[in-house]
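Read the structure below first, then the notes.
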Amino acid sequence: MNNNEIVDLLRQIADMLEIKGEVIYKTLAYRRAAESIESLGRDLREVWQEGKLREVPGVGAALEAKLDELFRTGRLAYYERLQEEVPAGVVSLLAIPEVGPKTARLLWSKLGLLSVAEVEQAAKQGLLRKLPGLGERSEQRILAGIESLYRRSDRIPLGVAWPVAVELMAALDAAISPDRIETAGSLRRMRETIGDIDLLAAAKDTAAVTAAFARLPQVAEVLGQGPTKASVVLHNGLQVDLRVLEPPHWGAALQYFTGSQAHNVALRELAQKQGLSLSEYGFRQGEQEIACPTEEEVYERLGLAWVPPELREDRGEIAAAREGRLPDLVTLAQIKGDLHLHSTWSDGAATVAEMAEAALRRGYEYLVISDHTHSLGVANGLTWERMQAQRAELAEVQARFPALRLLQGAEVEIKADGSLDFPDELLAQLDVVVASLHSGLRQEGEQITARALQALRNPHVDILGHPSGRLLGQREASALDLGEVIRAAAETGAILEVNSIPDRLDLDDAHVREAIRAGVRIAINSDAHSVAGLDSLRYGVATARRGWAEAAHVVNTLGAAELLALLARRGGSGG
DNA sequence: GCCGTTTTCGGCCCGACTGTTTTCAGTCG
């Protein structure tokens with residue numbers, strides 16, 4: 001059982017318990033444990049082998065015993081008993097918006113409905129309105145919920161949502177210029193994927209802002225519009241929710257609507273212990289209302305330092321904020337160069353000179369041209385002969401752009417047998433070697449892990465590119481054992497990449513954090529295949545920030561000389 | 001079922017909205 005399967009299982013148990021009508025806190029305990037395991041960044045089985053399950057937040061004696069049973073036998077008797085009480089079909093009804101545990105149970109016990117399709121049919125026959133507590137309106141809402149379930153698209157990558165949000169905020173600003181406008185929700189936290197785009201604005205006349213928003217040319221359909229809230233669908237199909245409030249409530253509201261939910265719950269528990277009640281309007285102490293015009297004031301009143309949105313996942317940031325040990329997160333401005341990008345020599349759209357000029361415009365000190373190597377034929381990968389020709393061109397371009405240190409690297413194929421595309425003596429002549437897996441991604445865990453380890457142990461290899469190989473929404477991560485990879489990187493001093501392509505963001509946030517804990521350095525690279533692709537770096541930086549990365553953990557915050565010295569210390573390449 | 005900056009037992013987040021209701025239950029974020 002891997003982490004994902006265990007997380008799914010725990011969430012299913014939580015749903016079943018809720019449908020059964022178990023005390024809600026038991027349900028919440030399972031959900032909390034599931035979230036905690038989801039963001040663990042390492043294989044739970046390893047934690048179990050080390051006998052440290054209890055150190056995972058949200059895992060107590062009872063869950064430790066259940067997880068132990070799962071790992072030992074691959075089964076869980078408790079779950080199997082629950083399944084007999086609550087069929088999987090009932091749980092599946094929870095996917096319908098408007099249907100919660102109580103309604104699901106009702107639909108099952110009174111009508112025997114066990115699938116979304118059966119509920120749809122029953123609703124169309126007018127059977128739901130006869131149930132106790134439901135009426136005609138509820139029946140219509142459930143039908144509408146099923147409709148939206150059918151047409152609901154998957155979560156969209158951060159890199160798709162972000163530019164759309166920026167454009168919308170500019171358009172709203174031009175139309176009516178509210179006092180404040182800001183992203184909220186998972187977008188502000190820079191999660192790798194986003195459900196809906198959440199925006200927040202502050203203005204005296206809130207209704208004027210929602211009205212102006214609904215009239216923006218980007219809007220295709222207005223789902224709902226009131227004085228403080230508007231929900232729309234854009235022409236590109238994305239849903240956007242805008243909330244507008246009066247300026248004195250800005251801080252509390254921004255905090256509240258940024259989430260995450262788990263983070264907010266933890267803050268409220270903290271408030272309660274101090275005799276306060278916290279909501280999106282501010283604090284309340286008895287009859288006294290305490291508005292918070294800024295987010296800082298919300299945290300300050302709780303005795304906490306302001307927490308960067310990327311950390312607000314209830315993964316230990318609240319304790320860190322209390323104890324003054326929040327990380328000083330790496331910023332885009334601290335990045336001094338890009339170590340992985342492509343040119344027209346392989347499958348890039350821009351020439352070396354165009355990329356160099358674009359890098360200078362972004363204030364970089366150095367740039368590593370790291371085109372594909374020959375095994376990756378589809379990408380026009382370079383033979384060693386072409387590498388030498390490219391080196392001559394790099395020298396010419398370097399002469400034209402003296403302010404930029406132009407380095408020659410390569411994204412070298414790790415072949416199916418674990419060997420690399422160039423022999424060591426040639427790798428040694430490159431400034432930076434990124435080694436990547438592009439083929440054999442479906443190999444068994446042991447085999448593909450062995451390939452990656454072989455590459456990491458080669459002293460000429462500096463960076464492991466997009467380690468997991470996942471493509472968000474398209475391809476699962478390979479069976480690569482990232483725990484092993486992180487250990488090997490820690491031993492050998494190899495660097496792990498955070499690839500900034502919006503579909504990759506690989507390493508992900510949880511593994512960035514795990515790598516940093518293990519003392520591994522990371523490189524945040526654009527893997528750009530065009531000039532515009534360089535700008536994806538912000539998403540890689542965001543992912544690293546979500547993994548608690550500081551500048552000291554990120555090699556491309558170093559100057560060129562320091563970076564090359566670091567690479568040279570490790571082994572063959574580097575100058 | 002978890003957990004300890006008032007607790008190893010008794011707590012465990014807040015408000016809006018909606019619908020079926022005469023004061024509340026369910027769902028959602």
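The structure displayed is predicted, hence computed values, not measured ones. Quick note on labels: first sequence line is chain A, next is B, and so on, each numbered from 1.
- For A/Arg268 and B/dC14, the shortest distance from a side-chain N or O to OP1 or OP2 is not below 4.0 Å.
- Distances shown here put every side-chain N or O of A/Gln274 at or beyond 4.0 Å from the OP1 or OP2 atom of B/dT5.
- Between A/Tyr25 and B/dG10 there is no side-chain N or O to OP1 or OP2 distance below 4.0 Å.
- Of the listed nucleotides (B/dC2, B/dT27, B/dC12), B/dC2 has the atom at the smallest distance from the side chain of A/Leu63.
- For the pair A/Leu94 and A/Tyr30, nearest-nucleotide mapping onto DNA chain B gives the more 5' position to A/Tyr30.
- The CD atom of A/Glu139 sits 6.5 Å away from atom CG of A/Leu143, with the distance rounded to the nearest 0.5 Å.
- Between A/Ser138 and B/dT20, a side-chain N or O to OP1/OP2 separation shorter than 4.0 Å is present.
- B/dA16 and B/dC12 have their C1' atoms separated by 22 Å, given to the nearest Å.
- If you check B/dG15, B/dT6, B/dC2 against the side chain of A/Ser277, the one that comes closest is B/dG15.
- Mapping A/Val23 and A/Lys102 onto DNA chain B by nearest heavy atom places A/Val23 at the nucleotide closer to the 5' end.
- A/Glu18 places its CD atom 11 Å from the P atom of B/dG26, with the value rounded to the nearest Å.
- Candidate nucleotides B/dG29, B/dA16, B/dG19 were compared by shortest atom distance to the side chain of A/Tyr281, and B/dA16 ranks first.
- Look at A/Arg284 and you'll find a side-chain N or O under 4.0 angstrom from OP1 or OP2 of B/dG15.
- Using cut-offs of 30° and 60° on the angle between ring planes, the pair A/His263 and A/Tyr299 is tilted.
- Tested against A/Arg141 for a salt bridge (Lys or Arg N to Asp or Glu O under 4.0 Å), the candidates A/Glu136, A/Glu98, A/Glu147 yield a single pass: A/Glu98.
- With no hydrogens or angles considered, no side-chain donor-acceptor pair links A/Gln261 and A/Asp314 at under 3.5 Å.
- Comparing B/dC13, B/dA16, B/dG1 by their nearest atom to the side chain of A/Ala29 picks out B/dG1.
- Remark: A/Lys66 is in phosphate contact with B/dG1, judged by side-chain N or O atoms under 4.0 Å from OP1 or OP2.
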